[in-house]
Amino acid sequence: MRQSESFFEILLFSASQGEYEIMQNGNHASIQAIFQEKFGRQAILMIRACGRINLIGEHTDYNDGYVLPAAIDKHLYFAIAENGTSTCRFWAEDIKEAGEADLKNLIKGNQLWLNYLRGILQEFQLDGKDIRGVDVAFGGDLPIGAGVSSSAALECGFGWALNQLFNAGYSKSDIALVAHHSSNHFMGIPSGIMDQFASIMGRANHFILLDCRSLEHRYIPADLGDYQIVLLNSRVHHELASSAYSERVAECRAGVAILQKYYTDIKSLRDVDVSMLEKHQNEMNPTVFRRCKYVVNEHDRTLQACKYLQNGEMQALGQLLFKTHEGLRNDYEVSCAEIDFLVDFAKDFNGVAGARVMGGGFGGCTINLVKDDLVNDFVEKAKLAYYQRFGIDLEHLKVNISDGTDILL
Ligand code: GLA
């Protein structure tokens, strides 16, 4: 099993390339009832965790840069109670699978989703938190494998539940760090902190401008004028995604290592500008140069996008989204035929200000800024064109920007 592969990808995606099915439909009440059915008593705590979108700032988080994500109203619900043992028992409703974690021996097993949860437990232990056995049922309506961060919701939702149950004293941003640390260390995924931070720290109707180096953040009103965010789920996820992600991280570090010979203060691509890159281009492998150039430009675009957003300049904001996609397609090379088709379709559609691939890449969703009154027309036509080209039913994900992880009970 590939180390950095998400549980959700493995679950639904068996062929090397193809289409997957979305099968969740749990809600707050049903997860509570399932807890009762599986564990024979009532849960004492219910937590709601969120997926995320990202307006712009892609592949910048692990380069210490800026991102502009938001939590969305697609959820994973957790029902939880102590069980008086040193074993945690889990029921994953969306896949109808059970699993256990022994608090005295937290090691990775074959169920990847369970490893995400074990990683959180281990982080609590490493921080000296006194945690005991729990029973947990979870599930929801968060699409999986669609690039809206179901794994961050899994990590942060469980982390926040443990924090409440055992009065561990973490803040929400601490839990984002705990989850990120667990992803990097226990799971071995070299990702940045955007997903966890957005999932737990989201605020209704606001984007979060997050500095991934300092974790300083500002909430920017999601005033999109007469435009709406439309997510189109390509319903493909290519095999390459997980290994390519780690390669991109390594390529960025390779670029930084070369520049550090000349600029001793540089810690990451956050500290680099295009002129520095161009000056030392000949010393870099051309691929490394293109990766670094994309990231450095994306840092600037993200800050610029924030200004456009605050000034209500939707057309200009949209153009930046298209530019980001160009970079992700040509320089960072994390797009794929299905996604490029959707972005090209959006570009040709009168009424779309901008569109791009969202998240890690190689499938998942495109994020589109579409004029309010043209959303239905756009979605219908995109569905038809996509089906004619690829024989796949495109999915329109309707999302609202919502508050992040929260307690329900
Ligand atoms: C994935 C990772 C994030 C981020 C994005 C790309 O979602 O989990 O940390 O790097 O890809 O922006």
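Every number for a ligand or one of its atoms is a count from 1 in the order of the listing.
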Peer 1: Go through ligand 1 atom by atom and flag the ones less than 4.0 Å from a non-hydrogen atom of Gly192.
Peer 2: 9 (O)
Peer 1: Which ligand 1 atoms are under 4.0 Å away from a heavy-atom of Gly359?
Peer 2: 6 (C), 11 (O)
Peer 1: Is there a polar contact between ligand 1 and Ser191, counting only N or O atoms under 3.5 Å apart?
Peer 2: no
Peer 1: Only heavy atoms of Glu58, strictly under 4.0 Å: list the atoms of ligand 1 that pass.
Peer 2: 6 (C), 12 (O)
Peer 1: Taking N or O atoms only and a 3.5 Å limit, does Asp195 qualify as a polar contact for ligand 1?
Peer 2: yes
Peer 1: Hey, can you tell me if Phe78 and Phe158 have their rings parallel, tilted or perpendicular (30° and 60° cut-offs)?
Peer 2: parallel
Peer 1: Going by the atom numbers of ligand 1, which of them fall below 4.0 Å from some non-hydrogen atom of Met194?
Peer 2: 4 (C), 5 (C), 12 (O)
Peer 1: What orientation do His59 and Tyr332 show, parallel under 30°, tilted 30 to 60°, or perpendicular over 60°?
Peer 2: tilted
Peer 1: Given the ring of Tyr77, does Arg48 sit roughly above its face, with NZ or CZ under 6.0 Å from the centre of the six-membered ring and within 45° of the axis?
Peer 2: no
Peer 1: For ligand 1, note which part of Arg52 has a heavy atom under 4.0 Å away: side chain, backbone, both or neither.
Peer 2: side chain
Peer 1: Write out the residue and atom name of the closest protein heavy atom to atom 3 (C) of ligand 1, then the distance separating them to 0.1 Å.
Peer 2: Asp61 OD2, 3.3 Å
Peer 1: Quick one: sort the His181 and His185 rings into parallel, tilted or perpendicular, breaks at 30° and 60°.
Peer 2: tilted
Peer 1: Before accepting this row, confirm whether a basic side-chain N of the pair Arg132/Asp130 lies closer than 4.0 Å to the acidic partner's carboxylate O.
Peer 2: yes
Peer 1: As an exercise, identify every atom of ligand 1 less than 4.0 angstrom from a heavy atom of Tyr62.
Peer 2: 10 (O)
Peer 1: Can you find an N/O atom of Asn54 closer than 3.5 Å to an N/O atom of ligand 1?
Peer 2: no
Peer 1: Assess the residue pair Arg290 and Glu251 against the criterion (salt bridge (Lys or Arg N to Asp or Glu O under 4.0 Å)); give the C-alpha distance rounded to whole Å, side-chain angles, the decisive distance to 0.1 Å, and a yes or no.
Peer 2: CA-CA 10 Å; Arg290 281 187 293 120; Glu251 286 159 347; over 6 Å; no
Peer 1: So, does Asn285 use its side chain to make a donor-acceptor pair with the main chain of Thr287 at under 3.5 Å?
Peer 2: yes
Peer 1: Check whether more than 12 heavy atoms from other residues, nucleotides or ligands sit under 6.0 Å from atom NZ of Lys347, and answer yes or no.
Peer 2: yes
Peer 1: Quick one: look up the protein heavy atom nearest atom 10 (O) of ligand 1 and list residue, atom name and how far away it is.
Peer 2: Tyr245 OH, 2.6 Å
